[in-house]
Amino acid sequence: KAGVTQTPRYLIKTRGQQVTLSCSPISGHRSVSWYQQTPGQGLQFLFEYFSETQRNKGNFPGRFSGRQFSNSRSEMNVSTLELGDSALYLCATTGQATDTQYFGPGTRLTVL
Amino acid sequence: AQRVTQPEKLLSVFKGAPVELKCNYSYSGSPELFWYVQYSRQRLQLLLRHISRESIKGFTADLNKGETSFHLKKPFAQEEDSAMYYCALSQVGGNTGKLIFGQGTTLQVKP
């Protein structure tokens, strides 16, 4: 099976812009979770989607949002970018047969 | 509050020496504990979980509920064990779509 894919792999944006990141899960996986990884805060949970519904949410401001499509692909959006949003954004997907999370390679977002 | 603490940012040992990566947690319910590993230029991947009680690549971890710890151990470190290790928890019995991670420990195994 192909692994979790994330696009794009690298992004450079300026403050105030918005950005959309995409995550394609392993075939058959219906749960998609998003994490932000920074040197200072480490790995922090953003939200999880399952069957097109947000199932869990972390402690991030409303500028961070997401959605999931019927094919289980997920997108996350960050509006009004701030310098502090610079991070590696990881998605992880989970299948029904196992609750192990499989991670993608991440999208490196740099906000200038 | 739910929290995972890994007190060491860096652990440096010589090849063949024993390794113990510490992990302590606080959680109000019954957690499920995991160790994830990230080798250089690779994705974050599951190493082991306490429920399976298995040994992976020579690593073991025992959940100590009294001390709220889940330390990762290996009797003889190998150079290929050099990586970033993360301890994480989720809720038992519920979906595991939400993981709470520790800050991570870099293990450096010197020849």
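We name chains A, B, ... by the order of the sequence lines, and we start the count at 1 in each one. Here the structure is a predicted model, which means the values were calculated and not measured. FYI, side chains are in, hydrogens and waters are out, and symmetry mates aren't considered; it's all heavy atoms of this structure.
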> For B:F76, does the CZ atom have more than 12 heavy-atom neighbours from other residues, nucleotides or ligands under 6.0 Å away?
Replying inline: no
> If you measure from OH on A:Y35 to CZ on B:F101, what distance do you get to the nearest 0.5 Å?
Replying inline: 5.0 Å
> Between B:R43 and A:V4, is there a donor-acceptor pair closer than 3.5 Å when you use the side chain of the first and the backbone of the second?
Replying inline: yes
>> Can you tell me which portion of A:V32 sits under 4.5 Å from chain B's heavy atoms? Options are side chain, backbone, both or neither.
In response: neither
> Do A:L11 and A:V111 belong to the same hydrophobic cluster, where Ile, Leu, Val, Met, Phe, Trp and Tyr are linked whenever their side-chain heavy atoms lie under 4.5 Å apart, directly or via other members?
Replying inline: yes
> Do A:W34 and B:I100 sit in the same hydrophobic cluster, where Ile, Leu, Val, Met, Phe, Trp and Tyr count as joined when their side-chain heavy atoms come under 4.5 Å apart?
Replying inline: no
>> Any heavy-atom pair between the side chains of B:Y36 and A:F103 that's under 4.5 Å?
In response: yes
>> Surrounding CZ of B:R3 (heavy atoms of other residues, nucleotides or ligands, distance under 6.0 Å), is the total greater than 12?
In response: no
> Are more than 12 heavy atoms from other residues, nucleotides or ligands located less than 6.0 Å from atom CZ of B:F14?
Replying inline: no
>> Nearest 0.5 angstrom please: B:M84 CE to A:L43 CG, how far?
In response: 8.5 Å
> Taking side chain as C-beta onward, heavy atoms only, is B:L44 less than 4.5 Å from A:Q37?
Replying inline: no
> In terms of heavy-atom pairs under 4.5 Å, which option from A:G104, A:G106, A:G58 contacts chain B the most?
Replying inline: A:G104
> Should A:Q101 and B:L99 count as side-chain neighbours, where that means a heavy-atom distance under 4.5 Å?
Replying inline: yes
> Side chain, backbone, both or neither: which part of B:Q38 has an atom under 4.5 Å from a heavy atom of chain A?
Replying inline: side chain
>> Report which part of A:Q41 has an atom under 4.5 Å of a heavy atom belonging to chain B: side chain, backbone, both, or neither.
In response: backbone
>> I need the A:F47 CZ to B:K98 NZ distance, nearest 0.5 Å.
In response: 13.0 Å
>> Is it true that, when you exclude A:R15 itself, more than 12 heavy atoms of the residues, nucleotides or ligands shown sit nearer than 6.0 Å to its CZ?
In response: no
>> Between B:Q103 (side chain only) and A:G40 (backbone N and O only), is there a donor and an acceptor less than 3.5 Å apart?
In response: yes
> Is the number of heavy atoms from other residues, nucleotides or ligands under 6.0 Å of B:K22 NZ greater than 12?
Replying inline: yes
> Is it the case that more than 12 heavy atoms not belonging to B:E80 sit under 6.0 Å from its CD atom?
Replying inline: yes
